[in-house]
Structure formats: C-alpha cells, structure tokens
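We name chains A, B, ... by the order of the sequence lines, and we start the count at 1 in each one.
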Amino acid sequence: MTDNPYLTHRKLRERDLGSSKSNPTEKQPLNGFLPRKVTGPQVRTALEYDTNPFTKQPYSKQYKTLLEARKKLPIYAQMDEFLKMFSEHQIIVIIGETGSGKTTQIPQLVAYSDLPHIKGKVVACTQPEHVAAMSVAKRVADELDVQLGRQVGYSIRFEDMTELGTTFLNYLTDDMLLREAMNDPTLERYSTIILDEVHQRTLATDILMSLLKNIARKRPDLKIIVMAATLNALKFQKYFNLRSDVKVPLFKVPRSTHPIEVFYTQEPEFDYVEAAIRTVLMIHRAEDQGDILLFLTGEEEIENACRKIKLEADDLLNQNPDSIGPLVCIPFYSSLPPQQQQRIFDSAPGPRTPNGPTGRKVVVSTNIAENSLTINGIVYVVDPGVSEQKVYNPRIRVESLLVSPISRASAQQRASHAGRTRSGKCFRLYTEKDFKNELEEGTFPEILRSNLSSTVLQLVKLGIKDLVRFDYIDVPAPEALMRALELLNYLAALDDDGNLTALGAIMAEFPLDPQLAKMLIVSPEFKCSNEMLTITAMMSVPNVWLRPNNQRREADAAKALLTVPDGDHLTLLNVYNQYVQNQYDKNWTWQHYLSQHALQQADNIRTQLKSIMERFDIDLISLSDEKKLYQNIRQALVCGFFMQVAHKEGDKGNYLTVKDNQVVALHPSCGLGTQPEWVIFNEFVLTTCPYILTVSEVHPEWLIEFSGNYFDLSSFPNGETKRALQRVVNKKAGKMGRNDGGANKQSSKKRNKRKT
DNA sequence: GAGCACTGC
C-alpha cells in the first residue's frame, strides 16, 4: 500500500510500544477457530475474553463499554445466523437501514470468521464517501480496541491510514478499490470484499459490482458481501446469482432508531417552496420543542426560503410572545464557506423572556445533509420530494442540472433524520399515492446519467474487451458508450480497433477526465508542463470564485484584477500562482473573493498529479518568455479539448460549437477581453440559455496542426465553420506547400516509442 | 450580464 501513488500523505502514528510476543502458556482467545467455520458462541466467548486476540494486549476499559453498546444492536442477536450464512455462501446480500449497525458490525464478524490476519489477507469494506470511510474506521478500531491505522484502517484519496502486513480490515472509498483493480484485476490481497451503500448506485460501486461478479467465478476463495439500505435488494440478489442452482441468500438487519411518524398531503402541492415554508411555520406554531430540517434544491431557493421563514416567524413571535418562541433559520449548501456550514451544529435559541417559550432551529439544506451527516436535535423533517440532479445528454455532450423527484429510498433516508435523537415526525409534501406509485424505488444510477469517457477508459484498462456486452447491473445508453469510445479514439487513448494504446494506459493512471490527462501528458512537448499541471489541478476543483449576494460588485472588481484577457485558463494559472506567492494566505484569498477551500484542494491535487507525472517520467518544463508560454499553453489545451471548440457567428456574440453546431454564448463570468473568432471551452452548461464556461482564445491553425484527425474537413458539415477552416488550410498549404495534419498522431507515436 | 445539487480517484 505504501507505494500507492494515489496517496500523497501518510499520517504519522505512534507505534505500539507494547510487546507483541504472546505468552505460550496463555490461552489464546481464537483457539479452535477454523477459518470460515467460526460459530456465534465462539465469537461471543472471544469477545468476553480479557486479551485482545489481534493485539495480544489486555482489553481497555473503553472496550467493555463499547461492547455493551454493541450487544444492544439487533444484529448482535443475529450473529449465529450470519456466521452460518457466511460459512456456507460465497456471496451474500444484506439489507438494513441507516442505524442498523451493519456498516460497523458486519465487517467485524467477517474478520472473526475469515481470520484474514493469519492468512496475510485483508477484508475490505467500501464506502461512497470519504467522510464515512474515516469515521466508521475510527469507530470500528475503537470497538476492536486497536489503534486506527494498524489492524483497522482506512484509505481515501489523500490519506492512507493502513499498515502493510498489519491492517486486516480496511474501509476505503469505492473509487479507491476500483483504482486498485486496474493494477490487480483479481484483487488478490483481499479475502472478503464488502460493498456498502450499493443502493446509492455511484459509478464506482456499479462497476465494482460487475467486476466482483466476474472475479467471483475465477476466485472461489473470494467472498463477497453486498449491503444496501432499500427493500429493492431483489435486483442485487438476482444480479449476483452466478449459477441457476445456487441462490444468493438475503440477510436482513432490522433498524434500531426511534419511531418516525410520516405525514402526507391530501392533494399534490403545486408550489413546493411555498408549501414547505407553510409547513415549517405550522410546525413552529403547533408542534412540541424540537428542530426542523427542510430539504430544498439549491442556493438561491434556500436563501429566499430562509428570508421568508424568518420574516413570518418574527411576525408570529411579535403577535404571540407568550406562546411562540424565537426561530433561527440556517441555510446549508456546499458552496457555503465551512465556517458558515458549522452553524448547523449550533443549538436552538433559548426563550426570549425568562419564562417564555423556548426557541427552535430550522436548517434549510440541499441534498448535502441527506447522507452520512447527523444534525443533533432534529425532530421534524420537511420533505418536498425533489432535488436537483445531474442529467447528461450524450447526443450534444452536455450535462445539466434539473429539479426532479427523489426516489423512495431517498425519501426514507430524509425521514430517518427525524429519528436520530428521539421519536420524530416527517412531513412529505406529496400524496401517499404518489409516494407509492410515482416515485422510483431507488436512486437513478449515476452510470445512466453521466459522461462515461473516464469510466470507459478505466474499463478498457481493466481488460474489458466488449464494452457493449459487459455485465452492467444497468446498461448505459449505447450512445453514451459510443460517445466515450469516439472521444478516446480521437484522443489516441484507444486505437481504431478499440485497444488501449500506450498513451491510453498512462492516461488511465491519472485521476482526471481523459481530456485533461491527455493535455497534461503532451504538455512537455509544448514546454509548459509545469503550468499545465497547475491548470489541470485548477480545472479539477469547483469554482474558485466567490460572489456573495450583497458584495457582487466588490467580488467582480477583485476578479478583474486577477483576470488574464487571453483566456480563463490563464486566469486560473495566475490565481494559483498568486495564491502561492502570497504564502497560501487565508486573508489574501478572502480579500480577493476566492475560495480558500477550493484553492487548497487544487494544491493537493497538484501534488498528487505531480507524483504520477514523476512515475511516468513526464518532465516539468517552463518557458521564461511569457508571451510564448501563454501561446504554448493554449496549444496544449487544444490537444485535449479539440472537441470543445466554438466559432463566432455574426456580430451578436453568438458562437457555434464545431461539428455539433450548437448555438452557445460566452458565460458572463468569462474574462476574455474581446470576442475572438475561435475559442476553446471547458464546460457547456444549459441554464437560462446555453453557455460555455472557462473559455480561451485559440488560433485555427492550431486546430488543424494538433488535432488533424478531428479537424479532417471532409468529415465536417457544410457551413461557415467549415469555410473558415478551409481558408486556414488553403493559406497554410500556400505557405508551407503541404498540410501537416498529423501532429497529433506523431506525438502519440513518439510517446509509444518511448514507453517500449 | 448570470449561476454549481452532491459525491469521488
């Protein structure tokens, strides 16, 4: 694990100084344990022992306290049943809602039965979110009475809290395990792999399910456990049936949280925001003490709702000072600075007068609060039944955000927040009939609503030959696959037969979109890899520009000072360089309305990418001539993003994307000083109108020179764009006497040669 | 002249 290049940071730990030698006369708690034949009584006896079988140390006091708490979980009573099932089956599907303790307890039971530490193997448990991986690992380390990072650890992108040869239970993010599979296709070092939260249907979990199903056939010694929160386990159960005569068993873990009363509206609500505000105020007027969690879709909606709730609540308070307490309304969404995000953990306000009614806290949040986050004091949940979700249109290659109905699983997850501290109530702003008949059972899989270029590259690297017939749990649209294959072919990551090229193999090693990986890898040829490294990192993080509602003009003015008129990509470079020159100063970012958090993240990513570049001998090169440098940077951009070029049409500032012929406009946040004839862009979003974001000027000769494959004019639709390109080709032919459209091919050939 | 819901490598 220590040579894993995706981990750039390794936490220092105090080594266990106690002797690890065991006393031969001492009775061993795991005596008589046969791997995978362990029974409930055996485990219970071992748990009550004085010595920790994994550290050979006496148990601490904390261990006993935690053990008593574990015994109260419903799953503790099911130990015998689970261990028997684990002994008898290779694959198990487990269902249990949040609060069932499955994430902490099942992996421990598996460790007791599988005994990975005596075989030199590891039990893995995947999580979609890194926060969950860290916190669950900490909890389980405490429960097993071991030091976090030794017998029990976690691996997430920037942190490896494991010890090679010692760690036998590892919680890791799903992407991490998928990355590992790229270089170890049978995941040999694991004896059991537990996929948790599979109902969330993240891209990585979906792919892992397919891979594991495949590996299970080749490795009968590998056990697989799939854990989900919904009732829709049948789909997973069916999917994992390897043979028709052996059925994958289902293990159910009951919930152990407080009861939650669920209410529905009689009629559908047309204005869910208005209904939500009304419901919050109704709770405030009529219900007992307890805080409220309201789910809305986005920043603007949340800020407006907070303002209205506050106004009305103040009115109520003034009219009925003796019966109604004060109310605070706290917005919560991802782009909020961390300090303001912390406010959701503040306690509710006290009474306004010494003996008056006590106050109430209302948290108005996006989906960010739906999973793996507990806000203390929440007793009431208001759920309008919608969230903003990403949708991908492969035809025009555009991702956009759309307000859509949530799934039943999501609705249940939202409701569960009402029962964390005591029994609570959930108000659903839709009818029970709609809940039962209209909402989808589970979350719409990410694989069906994403751009798949990165995933397809990973699959090919994993050795998957036939992407169309791959055993997906939900098959993506053929058009989405085709678009991905086409892009990877133009980028020279795949050859014309769909085989991985040497370049593609390197691209797959970068945790980046293929376009970004390509431009970074070729950038030494343009003598600007140092700068491209920065730009790539900056393009991998969310928007760094802050623009608070009441300080827009100040924010825009600050941004103007950092803007490079030649293009937004160069502006990103400038922002990062200034950030470093100002010693990563928090005040500097604050004064320039920049997100310290995003810049810090870009810096982390830059470090990680740099180490991967070093591994592949990709040199870091700079040019001192700034004019030349700026030009070369934009040429390198063309090598990755040639499919995202637009040409100006007429004088009204409209642009037409090449080949796709979409009418787009420069986003108002674009910092270009003029409206150049040709631009390259990073993102195409559909909001009030189609906009292109992060835009730089390019010269048409570069398009022909560095991506001749794509800019082969015979494949172009007739129109102004083609005519403009034709003029460039003619001019060039006149000047140079030939049309060198093969630079793209040449550079990849050069790279191929170097690798062999 | 206007927005990025949310994860993750």
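- Looking at every heavy atom in both residues, S155(A) comes nearest to M176(A) through O-CG, 3.7 Å.
- Checking dG1(B), dC6(B), dG8(B) against every side-chain atom of I368(A), the shortest atom distance belongs to dC6(B).
- Closest to the side chain of R449(A), out of dA5(B), dG1(B), dC4(B), is dA5(B).
- If T173(A) and S387(A) are placed on DNA chain B by their nearest nucleotide, the residue sitting closer to the 5' end is S387(A).
- Of the listed nucleotides (dC9(B), dC6(B), dT7(B)), dC6(B) has the atom at the smallest distance from the side chain of T366(A).
- For dG8(B), neither phosphate oxygen OP1 nor OP2 lies less than 4.0 angstrom from any side-chain nitrogen or oxygen of T202(A).
- Between F616(A) and F510(A), the ring planes lie tilted relative to each other; the angle falls in the 30° to 60° range.
- Residue pairs meeting the side-chain hydrogen bond (donor to acceptor under 3.5 Å, both in side chains) criterion with at least one partner in residues 295-308 of chain A, sequence neighbours excluded, are Y272(A)-E301(A), T297(A)-E301(A), E299(A)-S335(A), E303(A)-Y333(A), N304(A)-R307(A).
- Taking the side chain of R157(A) as heavy atoms from C-beta on, and the options dA2(B), dC9(B), dA5(B), the nearest nucleotide is dC9(B).
- For V685(A), the listed nucleotide lying nearest its side chain is dC4(B); candidates were dG1(B), dC9(B), dC4(B).
- Applying the 4.0 Å criterion to OP1 and OP2 of dA2(B), one finds that H667(A) has every side-chain N and O outside that range.
- When the nucleotides dC6(B), dG1(B), dC9(B) are ranked by their closest atom to the side chain of H130(A), dC9(B) comes out on top.
- Ionic pairing of E441(A) and R408(A) is present here: one or more N-O contacts between side-chain nitrogen and carboxylate oxygen are shorter than 4.0 angstrom.
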